[in-house]
Amino acid sequence: MSNVLVFAEHQHKTFSKNALVALGAGKTLAAQSGGECHAAVLGTGIGALATELAKYGVKKVFAVEHAALEHYTADAHAQALSALAEEKGCDIVVGAASSIGKDLLPRVAVRLGAGMASDITEINGDGTMVRPTYAGNAMATISIETPRKVISVRVTAFEPAAAEGQAEVENVAAKIDEGALKIKFVGFNETKSDRPALTEAKVVVSGGRGLKNGENFKTVLEPLVDTLGAAMGASRAAVDAGFVPNDLQVGQTGKVVAPELYIAVGISGAIQHLAGMKDSKVIVAINKDEEAPIFQVSDYGLVADLFKAVPEMKEAVEKLK
Amino acid sequence: MKILVAAKRVPDPNATIKVRPDGTGIVTDNLKFVVNPFCEIAIEEALRIKEKQGGAEVVLVSIGDKVAQEQLRTGLAMGADRAILVLAEGNVEPIAVARAIEKLVAQENPDLVLMGKQAIDDDSNVVGQMLAEMLGWGQGTFASEIKFAGDKGSAVVTREVDGGLEDVEVKLPAIITADLRLNEPRYASLPGIMKARKKELKEIPIADLGIDQGVQVKTHKISPPPARQAGKRVETVQQLVDLLHTEAKVI
């Protein structure tokens, strides 16, 4: 029997889907080990966040406040989270495989002497887990052999926790040796967008090198994106060419998405791109090259000039409404 | 400044990966191996720091089979000064890789350890962070830009994170892991390749480092991912939209 501690990440005091998915996976792991599932929220002025978290069917929410936790930094958070796990007797620590979770959890694993499984996509009944390797081309079935375990979960692979009950919130004094801190937050340059977040959207429309330049993303692709209420993504080629910002990249090394509908426009379908979107429910490819590998994973393929097809599609979708 | 750079031997990222029918791994026959693309970016960054600051030394390290010499020679041909190969057979867990590099850091005393943010075979994205915690150092992961303060006592690292770019200041010595946009690695020149043959490449059996190699994460089997079948080809945009509306019911 092991208790589970879920690290509920927040970005500047709002929870994203990441926190609720980690909770969902944490509850599954707790049910399996026969232990309890607790959640931790770290920061300053986090009372309201802790109360919100308490609605999602955990046993307890630990609110850990400390001036050194005002902004996320890996070393301060690793100290506070691992001290909390030890104090509360939680042998399993779970978080999302987000940019924060990836940065933080390996440090927590070392502090706790725990084995770590990163970016898992399945939890099996026998205690094993599955994680994608080789850009999703080889699925590894693994088990953590140490008594303590740290696990990061792929956000697209698990259901977010549902609201149920009202847990107790416990304020916990953070244990941080400030003299040992080596990382200072300087600033965050947010990519501003009114569109849904790429990893949370029901529909994603991505553009590739076929769009030829950044201007065409705006004039050709974006009208379709907005008509569908979609998030916009891009292939690595389009990002490398400077058409769109880095954080729109979908792929092995960018964002992993699994929306209801993924529309790939002018994307050939390199292995590393497929790794980031092939778990989407329905995939559409629009490409003028009928040999493009993207068609091999698409449910619907249209061989066409995107500069004609995309505006036409926008019109046709508008007519449906 | 002394910079230690990790370089892993991995299959060519453009190669098609096939899983062995017995589930013990991937098919490696005729597979081309390269320097992990993120490690290559880390090597390039180390060389640029050296060129800008002068007097720096760039030391490469790899943990793996004897054949990983090839990848270290590639890094030496790009311009690194010397290399260390920690000889280990079979699968070396990320935690053991971090422990091995921790030992080398104790021997070499670098001011900076540069690594790729992840290896494209195992896709774990953990070694840099684990190493930073073991050493009690700061880290700047997923770096797209590195700027050094005048006195070189710290670095400001721009990180590619969800929703934008974040700047953190890390005290040196530190671990920095490279993301895609940090730089574009150079190709090794012919004179560089000739010179690389004469550069020092030291081999150390992993057992000599005296690290704990106990199994933390056990791999039971490797399976191919669920196959996705190619679907229909449609002729017109109207047909596509109709099918998405009536058949797939996603718009």
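Below, chain A is the first sequence line, B the second, and so on; all start at residue 1. No hydrogens, no waters, no symmetry mates; every other heavy atom, side chains included, goes into these values.
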So what's closer than 4.5 Å to chain A heavy atoms on [X]: side chain, backbone, both or neither?
X: B/V19; result: side chain
X: B/P94; result: neither
X: B/I95; result: side chain
X: B/A98; result: neither
X: B/L244; result: side chain
X: B/P225; result: both
X: B/Q239; result: neither
X: B/E93; result: neither
X: B/D242; result: neither
X: B/Q139; result: both
X: B/L243; result: both

Side chains of [X] and [Y], heavy atoms from C-beta outward: is any pair under 4.5 Å?
X: A/E260; Y: B/I251; result: no
X: B/V241; Y: A/V317; result: yes
X: B/I222; Y: A/Y134; result: no
X: B/E133; Y: A/P106; result: no
X: B/D162; Y: A/K255; result: yes

Under a 4.5 Å heavy-atom cut-off, does chain B meet the side chain of [X], its backbone, both or neither?
X: A/L228; answer: side chain
X: A/T128; answer: side chain
X: A/A114; answer: backbone
X: A/P259; answer: neither
X: A/D279; answer: backbone
X: A/I144; answer: both
X: A/D247; answer: side chain
X: A/V284; answer: side chain
X: A/A304; answer: neither
X: A/E312; answer: both
X: A/E290; answer: both

Discussion item. Within the 3.5 Å criterion, strictly below it, is a donor on A/Y72 or B/E166 matched to an acceptor on the partner's side chain?
Written reply: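 There is no such pair between these side chains.
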Response to the item:
In this structure, CE of A/M116 is separated from OG of B/S124 (nearest 0.5 Å) by 8.0 Å
Worksheet entry | Euclidean distance, B/Q238 CD relative to A/K319 NZ, rounded to 0.5 Å |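 The CD atom of B/Q238 is 6.5 Å from NZ of A/K319, to the nearest 0.5 Å.
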Discussion item. Could you check whether A/D103 pairs with B/K117 (Lys NZ or Arg NE/NH1/NH2 to Asp/Glu carboxylate O, under 4.0 Å)?
Written reply: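 Not counted as a salt bridge, because no side-chain N and carboxylate O are separated by less than 4.0 Å.
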Fill in: Salt bridge flag under 4.0 Å for residues B/R228 and A/D299
yes
Worksheet item: Any idea which of B/L165, B/L172, B/V170, B/T141 has the most non-hydrogen atom pairs under 4.5 angstrom with chain A?
Response: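 With the most close heavy-atom pairs to chain A, the winner is B/L165.
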Worksheet item: Which residues, numbered in order, of residues 173-185 of chain B come under 4.5 angstrom of chain A by heavy-atom distance?
Response: B/L180, B/R181
Worksheet entry | Under 3.5 Å donor-acceptor, B/Q129 side chain and A/K102 backbone |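 Side chain of B/Q129 to backbone of A/K102: a pair is present.
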Worksheet entry | Heavy atoms of other groups near A/K17 NZ, more than 12 under 6.0 Å | yes
